[in-house]
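Just so it is clear, the structure is predicted and the values come from calculations on it, not from any experiment. Each chain gets a letter, A, B and so on, in the order its sequence line appears, and its residues count up from 1.
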Protein chains: 2
Amino acid sequence: MSSDTPALAEVLRANGLRVTAQRQLVLDAVTTLGHATAEQVHESICDRVAGVNITTVYRTLDLLESLGLVGHTHLSHGAPVYHLAGDRGQVHLVCHRCGAVDEVSPEVFGDVRRSLEEQRGFLLDVGHVALFGICSSCEMANQ
Amino acid sequence: MSSDTPALAEVLRANGLRVTAQRQLVLDAVTTLGHATAEQVHESICDRVAGVNITTVYRTLDLLESLGLVGHTHLSHGAPVYHLAGDRGQVHLVCHRCGAVDEVSPEVFGDVRRSLEEQRGFLLDVGHVALFGICSSCEMANQ
DNA sequence: ATATATGCAAAGGCTTTGCACCTAG
DNA sequence: CTAGGTGCAAAGCCTTTGCATATAT
């Protein structure tokens, strides 16, 4: 795997940054995992290659985010979850009771997006949205 | 201030829990502050009374939340923010660039709520929603 | 060659836990 | 009286920072 994202190397060079194995590994891991915490990215990399430090994973995720290649979402109390920015942002549904994470298309936000933009000039970033509530299983189990 | 919320004492007793000064102080602080982190709640209490421990604030916020009296939202990387559960849930708009927090009425979520309930059986808890994006000031400044 | 990245270890926030003491009931 | 709550100190996660070493260019 190396051609899975639009030329990381080019983006790095275009910004005067260096192309390193670590950066490619981190981006590959995010791509493969879909959504993952820094720690999960780190573990995934360690499955392939030894000796990549978690500090570097954190730094690289920040870097890739500032380059617009990845984004992150806060699903719950714990660590934020990183994902490819190109994924037109899945919206996460987090169940308060059981912690399950489901995803829906960002299209459900069409109207909200429009209203916020018109009323407040706020540009909603759907990739960052996590919605909390009670999932259908818990709902049925509990009532 | 002591009659500002529907009888904390009664709710506590109904659940076989004890009515303590700390619990009333925490609930009062959340009421007064609107939205606040555990640390802010602690500070606010310390302005009135000395010697209430931050550990107790954390434990009490958890307790009040499990009793359904308060709720919390994750606005950004930092600490979660607590608010009265009775507040029909202000929706928070968090700017990624400048960190500003704005609020909108939960009504903007009417349609989303309905779709999620119909399509997924997911009961959206608007009080917990934080939306990320770029605020109008940053938008104008940056483009 | 040299500015940039990395690794390591240490510190930093925020939060939880363990245990002894205290207090509401 | 005694179950439950509090305070204190210590540890726990997740993350960032400082500095020496290594490496892409």
| said: Rounded to whole Å, how long is the line connecting atom CG of A:Leu27 with atom C1' of C:dA5? | reply: 17 Å
| request: Round to the nearest Å and state the distance from A:Leu25 atom CG to C:dT6 atom C1'. | output: 13 Å
| task | Specify the angle, to 10°, made by the local axes at the two ends of the helix from C:dA1-D:dT25 to C:dG25-D:dC1 when five pairs are taken at each end. | result | 30°
| task | State which residues pass side chain to side chain contact (heavy atoms under 4.5 Å, CB included) with B:Glu39; sequence neighbours excluded, sorted by chain then number. | result | B:Thr37, B:Glu43, B:Ile54
| query | Side-chain contact, heavy-atom cut-off 4.5 Å: A:Phe109 with A:Leu116? | reply | no
What side-chain donor-acceptor pairs closer than 3.5 Å can you find for residues 12-23 of chain A, not counting sequence neighbours?
| unit_1 | atom_1 | unit_2 | atom_2 | d |
| --- | --- | --- | --- | --- |
| A:Thr20 | OG1 | A:Arg23 | N | 3.3 |
| A:Arg23 | NH1 | A:Arg18 | O | 2.8 |

| field | side chain to side chain donor-acceptor pair (under 3.5 Å) involving B:Arg120 - partner list, sequence neighbours excluded | value | A:Asp102
| remark: Sequence neighbours excluded, the answer for ring-ring contact (aromatic ring centres under 6.0 Å, His included) partners of A:His92 is A:His35
| field | For atom CD of A:Glu65 and atom C1' of D:dT15, their distance in whole Å | value | 14 Å
| said: Does D:dT15 have its OP1 or OP2 closer than 4.0 Å to a side-chain nitrogen or oxygen of A:Tyr58? | reply: yes
| CG of B:Asn15 versus C1' of C:dA24: gap in Å, rounded? | 16 Å
| said: Is B:Arg59 close enough to D:dG5 that one of its side-chain N or O atoms is under 4.0 Å from OP1 or OP2 there? | reply: no
| message | Does atom CD (A:Glu107) have a neighbourhood of more than 12 heavy atoms from anything else shown, all under 6.0 Å? | response | no
Pull out every protein N or O sitting under 3.5 Å from an N or O of nucleotides 10-13 of chain C, one pair per line with the distance.
none

| Would you say B:Asn53 reaches D:dC8's phosphate, i.e. side-chain N/O to OP1/OP2 under 4.0 Å? | yes
| request: Taking side chain to side chain donor-acceptor pair (under 3.5 Å) as the test, write out the residues that go with B:Ser136, two or more places apart. | output: none
| field | Lys/Arg-Asp/Glu bridge criterion (N-O < 4.0 Å) met for A:Asp111, A:Arg114 | value | yes
| message | When you measure from the side chain of A:His42 to the backbone of A:Val52, do you find a donor-acceptor pair of N or O atoms at a distance under 3.5 Å? | response | yes
| Length of the line joining B:Leu67:CG and D:dG5:P, which is rounded to integer Å | 10 Å
| field | Separation of atom NE2 in B:His72 from atom P in C:dC14, rounded to whole Å | value | 16 Å
| field | For the student: nearest non-hydrogen atoms of A:Phe122 and B:Cys135, plus distance | value | CD1-CA, 3.8 Å
| message | With a 4.0 Å cutoff (strictly under), does any side-chain N or O of B:Gln22 reach OP1 or OP2 of C:dT23? | response | no
| message | Strictly distance-based, threshold 3.5 Å: is any side-chain N or O of B:Thr31 a donor or acceptor partner for the main-chain N or O of B:Leu27? | response | yes
| query | Could you give the NE2-to-P distance, from B:His42 to C:dT15, as a whole number of Å? | reply | 13 Å
Quick one: which protein N/O atoms are closer than 3.5 Å to N/O atoms of nucleotides 23-25 of chain D? Pair and distance per line, please.
| unit_1 | atom_1 | unit_2 | atom_2 | d |
| --- | --- | --- | --- | --- |
| D:dT23 | O2 | A:Arg18 | NH1 | 3.2 |
| D:dA24 | N3 | A:Arg18 | NH1 | 3.4 |
| D:dT25 | OP1 | A:Val19 | N | 3.0 |

| task | Using heavy atoms to find the nearest nucleotide of DNA chain D for B:Gly51 and A:Ile54 separately, return the residue whose nucleotide is more 5′. | result | B:Gly51
| message | Could you tell me if the side chain of B:Val26 sits less than 4.5 Å from the side chain of B:Ile45, heavy atoms only? | response | yes
| What is the distance, rounded to the nearest whole Å, between atom CG of B:Leu63 and atom C1' of C:dT16? | 16 Å
